[in-house]
2 protein chains.
Amino acid sequence: MAIARAVDRRLFLLLERAHTRVFRDANNHLKSSIGLTVSQGGALFFLNRHDGCRIGDLAVGIGLGAPAATGLVDRMAKSGLVRRGAEKDDARASRVYLTEKGRGLSGAVADELKIFNDAIAHDFTDAEMETVYRFLTGLARGDYEGKL
Amino acid sequence: MAIARAVDRRLFLLLERAHTRVFRDANNHLKSSIGLTVSQGGALFFLNRHDGCRIGDLAVGIGLGAPAATGLVDRMAKSGLVRRGAEKDDARASRVYLTEKGRGLSGAVADELKIFNDAIAHDFTDAEMETVYRFLTGLARGDYEGKL
DNA sequence: CAATTATTATTCACATACAAAATATAACAT
DNA sequence: ATGTTATATTTTGTATGTGAATAATAATTG
């Protein structure tokens with residue numbers, strides 16, 4: 001791969017810009033349609049499949065550090081989307097449960113995500129999207145770490 | 001394009017996860033190597049080519065809103081990377097100049113970015129990276145807006 | 001020229017994320 | 001049983017970004 005090109009050194013910054021833009025738009029979109037932020041929507045989407053998981057599982061599940069998960073759950077609990085529950089056998093741990101409201105909204109979140117996903121992939125063939133998936137999955141997994 | 005797949009609705013969330021991971025790692029990398037955050041490094045990289053630009057130009061140039069640019073410049077000025085200067089003909093505007101220190105570091109930033117870019121693109125062919133570029137550029141430009 | 005509108009940047013209140021340190025509890029080892 | 005080590009989460013302090021509102025100045029228009 002890769003004879004150096006003029007744009008080479010901007011790949012990383014391009015990722016930053018892409019994220020900033022999409023995150024901003026998605027936040028506005030989601031806030032006006034269902035009153036949630038993207039982070040909270042993502043957590044809801046995860047919890048719909050892992051209701052009652054531990055805070056730590058949520059953190060790993062959505063790719064955040066523990067403190068970020070703590071704060072996210074705090075804010076979501078404050079707005080009535082989830083509630084915290086104790087873990088029987090381990091007083092350190094704490095579980096997260098969807099409330100009625102939270103469960104109700106998680107369907108809408110999935111719908112909105114679908115809209116966004118479709119829009120984002122619109123101009124690309126399946127084969128091209130396969131490449132994009134592989135790229136993003138590799139980043140999310142930290143595949144590049146060994147090459148630094 | 002695109003028969004719906006099981007992963008479809010996760011594209012957007014995948015982008016979030018990829019960003020979170022890379023941003024975190026890059027921040028740690030950059031902080032320990034040259035003592036800067038990714039955002040400040042990106043600003044420095046831009047300013048190296050647009051020294052003395054307006055705050056608004058910086059914001060547009062790196063894809064941020066005006067308040068974010070204001071804050072970023074404030075913090076960078078506090079750590080001696082840039083200084084603010086007045087605009088002759090327009091008392092509303094304010095210009096940003098690299099300091100010695102800022103200019104000195106911008107070279108190192110470019111080097112570090114190159115390392116990251118190479119690592120990120122490592123497992124992909126030029127043709128594949130072309131697709132990735134087109135994808136990210138489209139996102140950064142908001143091409144999907146019309147398809148929502 | 002005065003009134004209105006537009007531009008430029010900042011301030012404010014908030015949400016998000018991080019690393020490092022602190023807390024609390026569990027598990028293990030001596 | 002007691003002291004050490006590991007685990008789960010929270011707290012603390014900082015950086016980052018947002019939108020809405022504000023301030024200050026410029027430009028336009030009547």
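The sequence lines fix the lettering, A, B, ..., with proteins before strands; numbering per chain opens at 1.
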Which sits closer to the 5' end of DNA chain D, B:Thr37 or B:Lys88, going by the nucleotide each is nearest to?
B:Thr37
Given DNA chain C, 5'-ward residue of the pair A:Gln40 and B:Asn28, judged by closest heavy atom
A:Gln40
Start and end of the DNA chain C segment that chain B contacts, any atom under 4.0 Å from a heavy atom:
C:dA6 to C:dA19
Whole angstrom is fine here: how far is it from CD in A:Glu16 over to C1' in D:dA15?
13 Å
Taken to the nearest 0.5 Å, the spacing of A:Ile115 CD1 from B:Phe12 CZ works out to 12.5 Å
Between A:Asn48 (side chain only) and A:Ser106 (backbone N and O only), is there a donor and an acceptor less than 3.5 Å apart?
no
Residue from A:Arg95, A:Arg103, A:Arg83 passing salt bridge (Lys or Arg N to Asp or Glu O under 4.0 Å) with A:Asp51
A:Arg103
Which ones in residues 52-74 of chain A lie close to DNA chain C, meaning a heavy atom under 4.0 Å from one of its atoms?
A:Leu64, A:Gly65, A:Pro67, A:Ala68, A:Leu72
Using a cut-off of 4.0 Å on non-hydrogen atoms, how would the nucleic acid contact of A:Arg84 be classed: base, sugar-phosphate, or nothing?
sugar-phosphate
Taking the six-membered ring where the residue is Trp, are the ring centres of A:Phe116 and A:His29 under 6.0 Å apart?
yes
Is any side-chain N or O of A:Thr20 closer than 4.0 Å to OP1 or OP2 of D:dG17?
no
Using a strict threshold of under 4.0 Å (side-chain N to carboxylate O), is an ion pair present between A:Asp123 and B:Arg134?
no
Rounding to an integer number of Å, can you tell me how far B:Phe23 CZ sits from D:dT16 P?
7 Å
Those residues that, when tested against A:Glu112, pass salt bridge (Lys or Arg N to Asp or Glu O under 4.0 Å) (two or more places apart):
none
What is the separation between atom CG on B:Leu30 and atom C1' on D:dT16, rounded to the nearest whole Å?
15 Å
Restricting to salt bridge (Lys or Arg N to Asp or Glu O under 4.0 Å), what partner residues turn up for A:Arg17, sequence neighbours left out?
none
For residues 57-79 of chain A, the side chain to side chain donor-acceptor pair (under 3.5 Å) pairs (sequence neighbours left out) are A:Asp74-A:Arg84
Using modelled atom types only, decide if a donor and an acceptor are shared between the side chain of B:Asn117 and the backbone of B:Leu113 within a distance under 3.5 Å.
yes
Decide whether A:Tyr144 and B:Asp25 meet the rule of one side-chain donor and one side-chain acceptor closer than 3.5 Å.
yes
Could you list by number each residue of residues 89-99 of chain B showing a heavy-atom separation from DNA chain C of less than 4.0 Å, or answer none if no residue does?
B:Arg92, B:Ala93, B:Ser94
Decide whether B:Leu44 and B:Tyr97 are clustered together by the hydrophobic rule: side chain heavy atoms of Ile, Leu, Val, Met, Phe, Trp, Tyr closer than 4.5 Å, transitively.
no
